[in-house]
Amino acid sequence: MSVKETSKNISSVSKPQTYKLVHSEKFGRYLIAGKNIKAGEVILREKPVAVGPGVFDNDYFCFACLKLLIKVNKELQYVCTKCCVAPLCGPDCEKKDGLHTPEECQIFKDNQKISKDKLYDIIGILLPLRLFLLKDRDQDLWEKIFRDLQLVTNDDISTSDFLQHLCGILDVNSFELRSPGRLDALVLRGLYLEASLIAHDCRANTHITVDDHFQLTVYASLPINENDIIYFNYTSSLLGSAERREHLREGKYFECECSVCKDPYELGSHLSSIRCPRCKDGYVGAQNPLKAKPYERDSKWQCDKCRKMYGGYLIRATLNITRALIDDYDGSNVKDLEFLIKKLTLSFHPNHYLLLALKQKLLAAYRKQVAGPNPQKKIIQKMLDLCKEVLQVLELVEPGISRLKGIMLYEMHLPLVLLANRAYAAREISPMEMSSQLREAGTHLRKALAMLLLEPINSPEGHLAKRALQELKMLNQNIADAEALQQSQEESKSRLRKEKKKK
Ligand SMILES: C[S@@+](CC[C@H](N)C(=O)[O-])C[C@H]1O[C@@H](n2cnc3c(N)ncnc32)[C@H](O)[C@@H]1O
């Protein structure tokens, strides 16, 4: 053994483990910190044991790299030349050691019933099939999966029953993933043996990234003390408690009792709060938020100001009417969207999750205008205000490092820079004031970078981090120019004063 190898082994032996596996009645198996972990530190990094399509939405994927495929004239461009079934990006994906393994190819080839015409059905079962095929492909890994996922089987269980069992295991344990390079929906699912042991909390202390090869990295999003539980959020942090809890109940089979779910006002984020119809000043929150059905008649909701009580069915009726109003909105007109938000703010807390979803749509519309030629000052200011509003909620539900916060902080720098430049051009502010406003934009960019630089280079957020770095460089140059301008103005003023004195 070389010296290098020895020292590597010693350091890995002496280094405390970042996490430990423990067990409790409530969580089953879960992970705790094996040492004090700093925010941004890697807790674990791993490759999936199986990855494939998740929600099936009429999309076709390359079976080798899982990129979404574009169909031309409803026809696939390329299929695997060996099995004549698996859609692929092209010959390159067929050549490389992708996810379409020889075992998978063989099963398509051997099975007369499987043909290209049944592609929708094949896509639907691809992930459990991939997991099942590991049995023949990698016996050791298969045994590890059996142990780690606590698969139960007996000799006379039929293959279809066993596959059914695998599907259940996948539902509970898999991670929702994006197709490589895409910013949109989480259309894939991947199974990771270590990361799937992390327990859920609606206010997590980890941040997870996945690269184009589906390698998953769990970072601490906050400092985690030794022996503290490591949590990941299995659901969306920008939903109301009832909706998050329903998602977890239906998809992961447990009742969440975390600090956000327990609090009638969701730790001050008010994601489910309704404006009190009586006093119009306070906000109405569920009095027993851990009830499985908070929108039933016997569930009580109370105003935090006038203390008036309401039955859950009233809240449900308000939500139903509002969803119908939102469905009627066609989504293309900024003015209509602004009007709808203003109208709903009379009945809801501004942070209500239904309003937040509309505000994110509005933000996208403002962003489009602000990035275009000569945007109105009014729109730039509105974009900035909306970013601040969403960021405030995110600070409560996604403390520390967060992808959404990184994006929001990045977005905020653009209106700040535009407003500073405009005000200076209109002689409303001095170069010094401009430099201080640009510095504020720089602070946001730096905070955004601290989060976005953790993202894989080729992911959409990784590209954003690259842009943010370039913009920060330009911004620093503009700040230096503004400060030099201020200095030269001050010098010429003092020269003038001296000359005046001499005269
Ligand atoms: C992805 S698995 C985690 C590993 C699992 N604990 C095990 O022992 O295999 C998800 C399951 O863990 C349990 N779990 C995770 N977080 C929980 C929480 N906050 N409260 C209750 N149960 C939880 C639930 O049983 C859930 O279905």
Side-chain angles (χ1 to χ4, degrees), residues 17-34 43-52 54-55 127-128 131 141-153 164-177 186 188-210 214 216-218 220-222 224 227-237 239-263 266-267 271 288-292 294 397-399:
Q17 271 273 359
T18 46
Y19 63 88
K20 289 187 276 199
L21 179 64
V22 287
H23 182 277
S24 79
E25 191 83 5
K26 181 178 173 185
F27 293 146
R29 294 166 305 158
Y30 61 102
L31 303 184
I32 59 169
I43 298 176
L44 67 92
R45 183 166 274 154
E46 70 172 321
K47 297 228 165 72
V49 285
V51 59
V55 210
L127 179 59
L131 188 57
L141 182 59
W142 179 248
E143 276 168 19
K144 184 167 164 44
I145 293 171
F146 241 77
R147 262 195 327 270
D148 288 0
L149 296 180
Q150 301 181 324
L151 287 169
V152 278
T153 184
Q164 199 77 28
H165 183 50
L166 277 189
C167 289
I169 292 286
L170 280 168
D171 283 346
V172 174
N173 292 286
S174 62
F175 282 75
E176 291 180 338
L177 311 170
L186 301 159
L188 307 177
R189 287 196 299 166
L191 182 65
Y192 299 84
L193 292 183
E194 303 278 301
S196 72
L197 293 165
I198 301 177
H200 159 87
D201 194 286
C202 295
R203 200 167 177 260
N205 53 13
T206 57
H207 169 71
I208 293 189
T209 67
V210 179
F214 305 106
L216 176 143
T217 306
V218 181
S221 57
L222 293 166
I224 309 176
N227 293 329
D228 278 359
I229 303 177
I230 298 172
Y231 288 115
F232 163 63
N233 187 355
Y234 297 178
T235 178
S236 163
S237 58
L239 282 176
S241 287
E243 292 67 25
R244 289 193 315 276
R245 299 187 83 236
E246 189 180 327
H247 180 210
L248 295 167
R249 188 179 306 124
E250 308 268 301
K252 307 285 177 182
Y253 314 111
F254 71 94
E255 294 291 330
C256 184
E257 294 176 354
C258 76
S259 57
V260 192
C261 289
K262 260 198 301 219
D263 182 348
E266 294 145 306
L267 302 181
L271 285 159
N288 189 355
L290 295 187
K291 257 185 112 152
V397 290
E398 295 197 3

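As the structure lists them, so they are numbered: ligands from 1, and atoms in each ligand from 1. Both backbone and side-chain heavy atoms feed into the values below; hydrogens, waters and symmetry mates do not.
Close N/O approach between Phe27 and ligand 1 is found [any backbone or side-chain N/O within under 3.5 Å]. In terms of polar-atom proximity, defined here as any N/O pair under 3.5 Å, Asn173 makes no such contact with ligand 1. Looking at ligand 1, you'll find an N or O of His200 within less than 3.5 Å of one of its N or O atoms. In terms of N/O distances under 3.5 Å, ligand 1 is approached by Lys252.
Expressed to the nearest 0.5 Å, how far CD1 of Ile224 lies from CG of Leu31 amounts to 10.5 Å. Separating the CG atom in Leu141 from the CG atom in Leu131 is a distance of 9.0 Å, to the nearest 0.5 Å.
Here the heavy atom of the protein found nearest to atom 9 (O) of ligand 1 is Arg29 NH2, 2.9 Å. The protein heavy atom nearest to atom 11 (C) of ligand 1 is Val172 CG1, 4.0 Å.
Applying the salt bridge (Lys or Arg N to Asp or Glu O under 4.0 Å) test between Arg245 and each of Glu257, Glu255, Glu266 identifies Glu255 as the sole match.
At a 4.0 Å heavy-atom cut-off, ligand 1 does not touch Tyr30 at all. Under 4.0 angstrom from ligand 1, the non-hydrogen atoms of Phe254 all belong to its side chain.
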Side chain to side chain contact (heavy atoms under 4.5 Å, CB included) between Leu197 and Tyr19, worked out
CA-CA 11 Å; Leu197 293 165; Tyr19 63 88; over 6 Å; no

**Study point:** Steps toward side chain to side chain contact (heavy atoms under 4.5 Å, CB included) verdict (His200, Cys256)
**Key:** CA-CA 8 Å; His200 159 87; Cys256 184; 3.6 Å; yes

Discussion item. If you apply the rule side chain to side chain contact (heavy atoms under 4.5 Å, CB included), what do you find for Asn173 with Leu191, and how did you get there?
Written reply: CA-CA 7 Å; Asn173 292 286; Leu191 182 65; 3.7 Å; yes

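Shown here are the side-chain contact (heavy atoms from CB on, under 4.5 Å) partners of Leu216, two or more places apart in sequence or in another chain: Phe175, Tyr192, Ala195, Ile208, Val210, Val218.
Using 4.0 Å as the threshold, Tyr234 has a heavy atom nearer than that to some atom of ligand 1.
Within ligand 1, counting atoms from 1 as listed, the ones closer than 4.0 Å to a heavy atom of Lys26 are 21 (C), 22 (N). The atoms of ligand 1 that sit less than 4.0 Å from any heavy atom of Ser196 are 1 (C), 2 (S), 3 (C), 4 (C). Of all atoms in ligand 1, numbered sequentially from 1 with element shown, those under 4.0 Å from a heavy atom of Ala199 are 15 (C), 16 (N).
Enclosure of atom NZ in Lys252 by more than 12 non-hydrogen atoms of other residues, nucleotides or ligands within 6.0 angstrom is indicated.
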